[in-house]
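One structure is given here, and the rest of the page talks about it.
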Amino acid sequence: MLVKMLGLGKLPKRATFAASLSLLVAAMPLSGCSEKPQTEKARVVILTPLPFDILDQSIAGLKEGLAKAGYGSANLELREVNAGGQMQLLSGYAREIAASRPDVIVSVSTPATEAVLGAARADQNIVFSTVTDPAKAKVPPRAGNVTGVSDVVNYQANVDLLQELFPQARRVGTIYNPSDDAAVHGIAKVKPIFAAKGIELVVIAASSSNEAVSAARTLAGKVDAIYVGSDSNAAAAMPGIVSVALAKRTPVIASDAGSVRNGALAAVSVDYKALGRAGADLVVRVLRSGKPAGEIPRVAFVGSDLVLNAETARRLGYAFPAPVLTRKPQIVRQKS
Amino acid sequence: VPDLLINVLLQAFSFGIGAIGAMIAFRIVRYPDLTADGSFMLGSGSFAFALLEGWGWGGALLLATATGAAAGLFTAFLSARLGVTRLLSGILTTMIAYALAFRLLGGMPNVGLELHATMFGVATGGFAAGHMLAVSALFAGVIAIAVRQLLRSEVGLLLRATGGNPALVSELDRSPHAYRAMGLALANALVALSAALVSAQQGFVDLNLGVGVVITLIAALVLGEELLRRSGARGGRKVTGRVVAPVAGAGLYFLLYFVILRASIEGWLPLTLAPTDLKLLSASLVIAVIALRSRKDREEVFPL
C-alpha cells in the first residue's frame with residue numbers, strides 16, 4: 001500500500017517490504033540535513049510526558065518567559081517533546097534528547113525529570129519544572145547540573161481562606177484521586193492543617209470525573225464546604241462538582257484559578273503560567289551565565305493568587321467579607 | 001548515531017523479552033492475549049515493591065516474574081473456567097492488574113528507584129549506558145536460549161500442539177487447557193520481566209506505565225517475522241527463528257521510532273510531531289505488515 005502510494009508498485013514483491021522500510025528510515029535524516037542552519041543558536045529541548053492542562057500552561061509560561069528575555073526563533077531553537085503518555089518509553093525519549101546535546105534540557109513534571117536525570121550526562125544542564133516534590137523524584141539535593149522550579153500549592157493559605165470565608169464551618173469534605181501524585185501529596189499536607197483548626201475533614205477518593213461528581217453529590221448538604229486541593233481529576237470535573245454542590249447550597253473552595261473559572265467560589269492559586277516563566281528565568285540564567293545549572297538556586301513557587309468567582313457567590317447568595325475584597329483578588333464572573 | 005543505536009538496542013533487548021512473551025501467546029498457544037498492558041504494569045509494580053522492601057534485585061525480578069505468570073494464569077482461568085471470551089479475558093486481567101499495582105506502589109502513582117540497587121548496578125548517569133546495554137543483552141540472550149530449549153523439549157512440543165492441534169493434546173491424555181494456561185503464564189512472566197528491566201533502566205515506576213505495551217509487542221513480533229521471512233529465513237517458523245524474530249522486530253521497531261523522534265528533536269522533520277503521532281506508528285506498522293502478507297499467509301497468522 002505504502003509502496004504503491006510512493007509509486008514503486010512495479011518492484012518485485014519480495015523487495016517491496018524492505019524497500020518501504022529502508023525508505024522510511026533513509027528519508028528522515030536526509031530530508032533535513034541539508035537544511036540544518038549553521039548559526040550559533042541556543043538549543044533548548046522540553047520533555048513532557050503527556051498533554052495535560054497544568055503542564056501545558058507551565059510550558060506556555062516558559063515560552064512566554066523566554067520570548068520576554070529576548071529569545072526568539074532568531075537566536076533560540078526550542079523543541080517541545082511530548083511522550084503522549086508512553087511512560088514506558090520516557091527514558092528512551094530522554095536519551096534521544098540528551099544525545100542531541102541541547103544547551104539546556106527542561107523536564108516538565110516528576111516522571112519527565114526522573115527520566116532526564118537518568119539519561120543526561122553529568123555535564124548537561126537540566127532545568128526541571130512543575131515538580132511537586134523534588135526529593136521524592138530523586139532529584140539530588142545539590143547536583144552540579146540541575147536546577148528548577150517546584151510548585152508548592154499553598155494549602156495553609158487555602159484552608160485559611162476557607163475559614164475566613166466560612167468561620168462557622170465545622171465539617172469540610174474533600175475529593176482526591178488516589179492515583180495522582182500531586183493529589184496524594186496534597187491530601188497528606190492538608191489533613192493536619194484542618195485538624196489544627198478543629199475542622200473535621202471528610203475524605204472521598206475518586207479516580208474519574210464521574211466518581212468525582214458523585215463524591216460531590218454525597219458530600220453536598222452534609223458538609224459546610226467542599227475543598228478541592230491539587231487534584232487534577234476533580235479539577236477537570238469542577239463544573240459538575242459545582243453544579244451538584246450549588247444545588248444543596250454547599251460552597252466549593254479550590255486551589256487553582258482554573259477551578260474558580262469553572263465555578264468554584266474561591267481559591268488561593270499557583271499560577272502555572274507564572275511558574276513556567278520562573279522556569280524560563282532559570283533557563284535564561286543558565287544560557288547567559290554559562291555556569292553549570294546547579295550553581296543557580298532552585299525556586300519553590302508558592303501559590304499566592306487570590307481568585308474569587310462573583311457569579312457563584314451571587315448564586316449562593318453569599319457576600320465576600322470586606323477584608324478579603326481589600327486584598328486585590330482576581331474576580332471572575334463566569335458561570336460554571 | 002552511536003547514541004541512537006545504543007538507545008535502540010537497549011529498548012530492543014528489554015522489550016524484546018516481552019515480545020518473546022507475545023510470540024508464545026499469539027504463535028505457540030495461539031491465544032489472542034491482551035494481558036500484556038496489565039502484566040507489564042504488575043511486573044514493574046512488584047519490582048518496585050520488592051526493591052523498596054529490600055529484597056534485592058534478584059528477589060525483585062523473581063517477584064515480578066511470578067506476578068506476571070499469575071496474571072497469565074488468571075487470564076487462562078477466566079477463559080477456560082468461567083467462559084469469558086478470550087479477548088475480554090486479557091482486558092479484565094489488565095484492569096485488576098492496575099488495581100493491584102497501585103497497591104504495590106503503596107498508593108503512590110510514581111515511585112523513584114535507586115538505580116544502584118538494581119541489576120544495572122553502578123551504571124547511573126544514563127549514557128554510561130554501555131553497561132545497561134550489556135546487562136539487557138545478557139538477559140535477552142539467556143531468555144531467548146531458554147525459551148528455544150523449552151520449545152524443543154517435550155513440554156514445548158505439547159505447547160505447540162495446544163496452539164496447532166488441541167485434539168492431539170487431548171488424545172495424548174493431556175489437558176489442552178492446562179498447556180494453554182502454562183503458555184499464557186510463561187508469556188506474561190516474560191512481559192513482566194521485561195517490565196522490570198525497563199523500570200530499572202528508567203529509574204522509576206509510574207502508574208501510567210504499560211499503557212499500549214500490547215500493541216508495541218505485537219508490532220515488534222509481526223515486524224520481526226516479516227523481516228525473517230523476507231530475508232529468506234523460512235518465515236521464522238522454525239523454533240530458533242520464532243525466538244529471534246521478536247527481538248529483531250523490536251530492534252527494527254525502535255529504530256524507526258527513535259529515528260523519527262530524533263529527527264523531530266533535531267528539527268529535521270518538515271512538520272512538528274503531535275505527541276500522539278508516534279502511537280500512529282505502532283498501529284500502522286501492524287496494519288501494514290498484515291496487509292502486505294498474502295491472503296493465504298493471513299489465515300496462517302491467526303489470531304492476529
Side-chain angles (χ1 to χ4, degrees), chain A residues 1-3 13-18 20-21 24-25 28-33 35-36 45 48-51 77 79-100 102 110-111 114-115 117-122 136-138 177-181 183-184, chain B residues 3-4 6-7 10-11 40 44 102 107-110 112-115 124-127 129 195 198 201-204 206-213 216 226 230-231 252 254-270 272-279 288-289 291-292:
Chain A
M1 287 184 334
L2 176 65
V3 179
K13 249 198 173 174
R14 176 172 282 248
T16 52
F17 176 74
S20 53
L21 282 179
L24 257 176
V25 177
M28 297 308 163
L30 285 183
S31 67
C33 274
E35 296 163 22
K36 206 185 178 186
V45 181
T48 174
L50 70 172
E77 193 186 319
R79 299 271 165 215
E80 192 184 330
V81 180
N82 189 319
Q86 301 258 76
M87 301 304 253
Q88 63 275 11
L89 293 178
L90 213 48
S91 283
Y93 276 76
R95 261 184 235 111
E96 285 310 314
I97 291 172
S100 79
T110 299
E114 288 166 330
L117 284 172
R121 294 176 176 84
K136 220 198 99 247
K138 302 263 187 279
N177 179 359
S179 58
D180 176 6
D181 211 13
V184 174
Chain B
D3 286 348
L4 181 83
I6 291 179
N7 199 6
L10 194 54
Q11 306 291 341
F40 195 92
S44 38
F102 178 62
M108 303 304 277
N110 185 292
L113 303 175
E114 297 288 352
L115 264 182
T124 49
F127 258 118
V198 171
Q201 260 173 40
Q202 303 222 91
F204 70 89
D206 189 282
L207 200 60
N208 292 313
L209 219 63
V211 177
V213 162
T216 303
E226 202 57 24
R230 299 284 160 172
S231 62
L252 184 54
F254 284 110
L255 180 64
L256 283 169
Y257 197 102
F258 285 124
V259 163
I260 295 173
L261 177 66
R262 185 65 177 279
S264 90
I265 295 171
E266 302 274 9
W268 292 335
L269 290 180
T272 320
L273 279 187
T276 36
D277 284 350
L278 281 168
K279 284 183 185 170
V289 170
L292 276 169

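The figures that follow rest on heavy atoms only: side chains count, while hydrogens, waters and symmetry mates do not. A note on names: the letters A, B, ... follow the listed sequences, proteins ahead of strands, and every chain is numbered from 1.
The contact between B/Leu209 and chain A is made by backbone and side chain atoms together, counting heavy-atom distances below 4.5 Å. Residue B/Ser44 does not touch chain A at all, counting heavy-atom pairs closer than 4.5 Å. Using a 4.5 Å cut-off between heavy atoms, B/Ile265 contacts chain A through both its backbone and its side chain. Both the backbone and the side chain of B/Asn208 come within contact range of chain A, each with at least one heavy atom under 4.5 Å from a heavy atom of that chain.
When all heavy atoms are compared, the tightest approach of A/Glu96 to B/Phe258 is CG-CD2, 3.6 Å.
For the pair B/Asn7 (side chain) and A/Arg95 (backbone), a donor-acceptor distance under 3.5 Å is absent. A donor-acceptor pair is defined here as one N or O able to donate and one able to accept, closer than 3.5 Å; such a pair exists between the side chain of B/Arg262 and the backbone of A/Ala99. Between the side chain of B/Gln202 and the backbone N or O of A/Ser91, at least one donor-acceptor pair lies under 3.5 Å. Side-chain N or O atoms of B/Gln11 include none that pairs as donor or acceptor with a backbone N or O of A/Leu89 at under 3.5 Å.
One distance of note links OG of A/Ser100 with CG of B/Leu4; it measures 11.0 Å at 0.5 Å rounding. Rounding to the nearest 0.5 angstrom, the gap separating the CD atom in A/Gln86 from the OH atom in B/Tyr257 is 4.0 Å. Atom CE of A/Met87 and atom CG of B/Leu207 lie 9.5 Å apart (nearest 0.5 Å).
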Checking side chain to side chain contact (heavy atoms under 4.5 Å, CB included) for the pair B/Phe204/A/Thr110: CA distance, chi angles, key distance, verdict? CA-CA 10 Å; B/Phe204 70 89; A/Thr110 299; over 6 Å; no

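Note: B/Gly210 leads B/Ala195, B/Gly210, B/Gly212 in heavy-atom pairs under 4.5 Å with chain A.
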